[in-house]
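A quick write-up on the structure given underneath.
Heavy atoms only: backbone and side chains are in, while hydrogens, waters and symmetry mates are out. Naming: A, B, ... by sequence-line order, numbering from 1 per chain.
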Amino acid sequence: MKPVGIHGVGTALACGAGVDALRIALREGREAGRSEVGLEGLEDFIPANRTRRLDPLARMALLAACLSLRDAGLRPDEASGRPTGIVFGTALGPQESTFSFLEDIIGSGDACASSFAFTNSVHNLPASNMSLALGIRGPMRTVTAFGHTTAAALLSALHWIREGVVERVLLVLGEECSAVMEYVVRRFGGGEGNVRPFAPGCTYRSRGGCAAFVLGGGDGPYGRLASVEAGLSEAEAAERAAGSDLLLCAAAGRADEFNLYERLWASHRLVGAYSPVYGSLPTGPGVDLAVAALSLRERTVFAGPGGAWIKGSAVSGAEGLLPGAVAVAGVEGPGRFTLIRVERR
Amino acid sequence: MDLKSELKELIIRELKLKNVVAEDIEDQGPLFGSESKLGLDSLDAVELVVVVQKKFGVDIGDRNTANVAFASIDALADYITKNRPGS
Amino acid sequence: MRPNRVVVTGLGCLCAAGAGLESAWKTMMAGRARPAPPTKFRAEPKRPSPVFEIPGGIFRRSKISPPRPVDKMPCLEYLLSALEEALEQAGLSPEELSGRRVGVSIGTTVGCTLNDEGFYAGFRKGLEPGLDPVERFLACNPAPFLSEALGLRGPVCTINNACSSGTDAVGQAREWILDGLCDLVIAGGTDELSRVTYLGFSSLLNTSERACLPFDARRDGLNLGEGAGVLIVESRRSAAERRAEVLAEVEGYGSSLDAYHVTAPHPEGSGLESALRRALGDRNPAEVGFVNAHGTATDSNDKVEGRTLARVFGPGITVVGTKPYTGHTLGAAGALEAVFTVQGLLTGCLPATLGFSEPDPECVVVPTRAATSVARTLAVSTSLAFGGHNAALLIAGPGP
Amino acid sequence: MKDGTAGERVLIVVPVFNNESSVSGVLAGVAALGLPVLVVDDGSTDGSPAALDAFPVHRIRFPENRGKGLAIRRALSWAEERGFSHIITLDADGQHSPGDIPRLLDKIREAPEAVIIGKRDFGRGVPGGSRFGRRWSNLWIRIASGVSTPDSQSGFRAYPVRPLSRLKYLGSRYEFEVEVLVRAVWAGLPLEWVDVSVRYFPPAERVSHFRPLKDNARISWIYTLLVLRRMIPFRRRSAPPGSSPSDSYGNRAGHAVFRWVIGKLGVRPAYGVLVPVIAYYVLFRPSAVRAAAPYLRRRFPGRGGLRMLWPAYRHYFAFGQCLIDQAATNILGREGLRIDFPDADALRELSEEGRGLVLVVSHVGVWHSALSTLDYLKRPVYLNWRRERHSQSMGLTDFRKTGVEVRVISPDGFLGGIPELSLALTHGRIVAVMGDRGHGSSAVRSEVFLGAPAGFPILPYHLAFSTNSDLVVFLTARTGPRRIFLRAAVWRMTEAQRELGKDRVCRELLRWYVGELERHVRDHPFMWYNFHGIWMREEDIPRQGRGVES
């Protein structure tokens, strides 16, 4: 089976834009708190007049994509140099545009619905805007399947690369946080303070953020995607994760997640949940994949903020433990797990 | 503020134009097409139809009417003055 | 491609033309269609346009017990009805599938959006509206819903590639089987008519005030529709083991972006052409008997699609547009049209592209004017999506 | 290839003796893995030494051939001096393929403290001798160590360096590879296996220095010696440091015999066998009497010297019976077990409230069986416990067969496992913690027990207080052959108590626990088996407990 490597990582999160901002936040244990995802950096990559019509989710996704390309040593205009595909995974989709379209209808009447808002409210527009801004003409797939999103997106990317449909895939996973969603989360019992994975009560807070990856054949500086498995039972996930040095749980403060992940972390020596750094995201496993890649590249187990640790050593820094394989676990649904293993020899 | 400058502000704000100010838009200059430096396309034209409807209650029924009304700022101002409800 | 081949063993269809493939196909072959102003919602768009609604109650209640009531979720009701039909034809029962590694790959657009006007109206006035619409939004994502309802363990994915979602869903099912992730996939698409999409397409000025006329010189826009299409896609080995009747083979799939414009297709159809080439693989285009075109009847789509089909398959290629019978069902379109493509290969004939009379030199190709017989060997189904994405399926029939 | 796994540093060891035809191929294969290599040239007289020059390996040379066992023992000490955590030995005759080394590395990461054996796939084409040889030595190993191993002769292995380099060995030639397995099990190291491929050459080609007659004789001799050694329960000098007296009760041979008797004949005959064995302990093992003395002197005050022997005998006899009953439950299953548990319903009602519950357990009676009866609560139990040696061989380690889902959280883990235990409690799980002996650094506070101040851990009470969980003192006693009595005293943690502050509440909880324990040992004098010296000399009673703020 042809190895698929992670060649570039780009993140646009509450802790800042770029993989360096994520590394600093992980190393210094900074919490996302209520800070917004800064999108100003997009102009350094794409001139403003070519991104004027993009809504916040499309902007965030494009920024993360450009950052991942730069991390892989590519300028935006070099993205289309080789056959490249785009996979965009989002659970909640473009909410700003959806609700501003409704605002128009309700506020100004049926005939006054904005075509900009309607266009942007179609879920694959972030991916289309990436193709326009970066001139990418390969295959495209936008996945919106809640808990299954991350695994489904990765499986598509793996297939295209292994079957030679493309040489590279720009994989972007992310969420936009609208006022409506904040209200919904509050009504569901989401907390005001910081996200605490496995906390007794619900500390889930709707937060936006994107993680982007440049995937390609052969090992990358971050290692390779050793396996991506979906629909695993709890026992199967625990067994698959057993062989890795570090297990990351995409726990993000939901009230019931202790029972969901209990068997997984009980059988594991080193466990981390970094949602306090980037906030609660339904595509959390996507950001955890970025953290896994960083841990492998830096040969480091990041301590993360106080709430990030369940079990394991608080040691971090270059001379810390030497992870060779990191597993990322996410809950797809009742009794179903996604398990992604990233390895770097 | 006269109708023409209002239209220019409107176009810049509603079509989310960047690095463009009202003074850059000439009254007779073409709004669309390759000669125009505003870089507007068919989606901007469709949105302008909605904007004109929302702000002035003037309906631009179909593409042919749009081609005529959107020829330039002057053309648009004339069309609106002629078709504005109560004018 | 690996030795493992991917075949279709079950078809399910629910659209304005009929509840179930047999009745829909009969209506289409008879050249009957009933576009009409919407009755399920009130709207005053700038350009009112006829739609293809599914009358309530004409379709079978599914035996599959959904984990949550689906009465207020037409997307899911349509999908369950089409699934029921497809499973029956494939000789599979929900009990038999439970617990097995079976994939669910479904395309949709409206099926996974929280565009509930009532809820938002309450929110914008700060009235703290009830969360039922949100519960429905969280429950009605089609693929997770189906996988949980049938207790399946295979991969799950809902694709939202706008109008090509259904085609991509079948393409993804094929990828999963070739990768050995599962032997059987429930693939398809579903969408419901909603005020939001109705007003949205009207705001883009690409809806017609009359019945849509694909590839016709008089065409001036699309009509929206609703419904669901489902295909049971499995490996040839699995079908042989179950001694299931193979209806057709999903031989190829291609997906490709134009990188040209957010709402208009690339003038030369470069994206569509590369999707077609990829779907054709090493097959000679001349072997293709007919194309079920996207044919939305908008000015730019039919011009670009027609010219590209002519360039790839030759101007004389037999082309059919089925949207005059179903309307543009968005997320379901690709799936319904894949179902109709297989049906065309099985029956060896295609319906007329209803309403077509005046050829348009810009479109080059001329779609079927009446019921047309075709070779039952090889066919293509195409989709050109909002945002410049193109997808194509190459489907091989039972043979001449 | 990275140099091993999380924290592990692995050295590849290749003993060589006149293997000129195959050593280069083996070393080339090993070099590709990028791991450090040590070759022990056991007095080769052929071209082997010259062949070694082509490879960047560390080398040790014996002037004359002294045996593969000695070569490996020398490699073990060489590795220990240089801080290697593991060595992987593979033969120089090409029988083992270096390509399988990554499998051993994965296993090392999974079980760093285990001896890992490359289990050869004895498919077709393997000389009869080897298969018979393998089965024969497997049988001896099972008798000598009570552990069954599918391929005890394979020389393709991974050894944990530190624990093994401290043991004393007799064998210097091939028999060493058998002896090291037995001693490893005695030292409490688990055995693990990974499948490895095996290349057999036609007899003519294979360069083997295994002298059938002489070496088989040595192997048989070592087996006999080990089995005999095992049967005679005299004190083994090589008990690893830091193990408590109760860790090394009887040894593997004794346990294997008892298990055999229980399995075949039932518990009563096993009690019969116990009579002479316990007599021997009490009469000839001063350490045994010394370990039980602190408790017995306080429990039966006024009996000095020889008159203490009889209570000591009864105490150890009861302890032996408990171990037999526990083994019986493991072997025969739970049907024969009779349980009297008057507080069972009270505990179920408390448990059904779903709040976190701290179960304070003690080294009394057959507490493993007691825990396993809690399956009726249908809730996972987290157990903060370090497995002792003797419990391992008596099969006390796993609770899998008992239906209760026990998750052992080792006190040697991060912060003693406290973060995990508190997390489990906040999510309504049951957490069982030892009340009569702390592990490692956990805080201890003094409380009068049987008339004198003794040190007790306060971890259970800290946990209950900080997570607002109720407590249950869970005590058990053996009241007859395969009969156990269970007692659950409940303490509801209320808001009012929490206002009193952690120190006050923890002191009261400890007093409550010690009171329950005291009443229990009054009723069942010979049921307490915490042979640690918990009673304190005056000077080392801590002013206030070294609490671990959790």
Q: Give a yes or no on whether the ring-centroid distance for Phe201(C) and Phe118(A) is below 6.0 angstrom.
A: yes

**Q.** Close aromatic pair by centroid cut-off 6.0 Å: Tyr204(A) and Phe188(A)
**A.** no

I'd like to verify something: which residue of [options] has the highest number of heavy-atom pairs under 4.5 Å with chain A?
options: Asp168(C), Leu204(C), Thr109(C); value: Leu204(C)
options: Phe145(C), Phe137(C), Tyr198(C); value: Phe137(C)
options: Pro155(C), Pro45(C), Ala162(C); value: Ala162(C)
options: Glu148(C), Lys46(C), Arg47(C), Gln172(C); value: Gln172(C)
options: Thr108(C), Asp116(C), Leu114(C); value: Leu114(C)
options: Arg124(C), Arg101(C), Glu117(C); value: Arg124(C)

Given that the side chain runs from C-beta out, which part of [X] has a heavy atom under 4.5 Å from chain C: side chain, backbone, both or neither?
X: Leu134(A); result: neither
X: Thr149(A); result: neither
X: Pro334(A); result: side chain
X: Thr98(A); result: side chain
X: Arg53(A); result: side chain
X: Phe99(A); result: both

Give a yes or no answer on whether the side chain of [X] reaches the backbone of [Y] with a donor-acceptor pair at less than 3.5 Å.
X: Arg187(A); Y: Pro129(C); answer: yes
X: Ser131(A); Y: Leu257(C); answer: no
X: Thr308(C); Y: Val304(C); answer: yes
X: Ser156(A); Y: Ala152(A); answer: yes
X: Asp191(C); Y: Leu330(C); answer: no
X: Arg168(A); Y: Ala79(A); answer: yes
X: Tyr253(C); Y: Thr167(C); answer: no

Q | For chain A, which residues of residues 259-267 of chain C have heavy atoms nearer than 4.5 angstrom | A | Ala259(C), Tyr260(C), His261(C), Val262(C), Thr263(C)

Q: Check step by step if side chain to side chain donor-acceptor pair (under 3.5 Å) holds for Ser147(C) and Arg336(A).
A: CA-CA 11 Å; Ser147(C) 189; Arg336(A) 291 185 62 132; 3.1 Å; yes

Toward chain A, the part of [X] with a non-hydrogen atom under 4.5 Å:
X: Ala143(C); value: neither
X: Asn390(C); value: neither
X: Leu205(C); value: neither
X: Phe386(C); value: both
X: Ile106(C); value: neither
X: Asn161(C); value: both
X: Val134(C); value: side chain

Distance-only donor-acceptor check, side chains [X] and [Y], under 3.5 Å:
X: Thr158(C); Y: Asn141(C); answer: yes
X: Ser97(A); Y: Ser100(A); answer: no
X: Ser233(A); Y: Arg153(C); answer: no
X: Ser108(A); Y: Asp104(A); answer: no
X: Ser256(C); Y: Ser274(C); answer: yes
X: Ser178(A); Y: Glu96(A); answer: no
X: Thr338(A); Y: Glu229(A); answer: no
X: Tyr120(C); Y: Glu103(A); answer: yes

Using a cut-off of under 4.5 Å for heavy-atom pairs, which of [options] has the most such pairs with chain C?
options: Gly138(A), Pro94(A), Gly93(A); answer: Gly138(A)
options: Leu92(A), Ile136(A), Leu102(A), Thr90(A); answer: Leu102(A)
options: Ala111(A), Cys112(A), Ala117(A); answer: Ala111(A)
options: Leu158(A), Thr119(A), Val143(A); answer: Thr119(A)
options: Pro139(A), Gly231(A), Ala153(A); answer: Pro139(A)

Q. For chain C, which residues from residues 120-129 of chain A lie under 4.5 Å away (heavy-atom distances)?
A.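 Those residues of residues 120-129 of chain A which have a heavy atom under 4.5 Å from chain C are Val122(A), His123(A), Asn124(A), Leu125(A), Ser128(A), Asn129(A).
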
Heavy-atom side-chain contact between [X] and [Y] under 4.5 Å:
X: Glu332(A); Y: Phe146(A); answer: no
X: Leu272(C); Y: Leu384(C); answer: yes
X: Gln95(A); Y: Leu57(A); answer: no

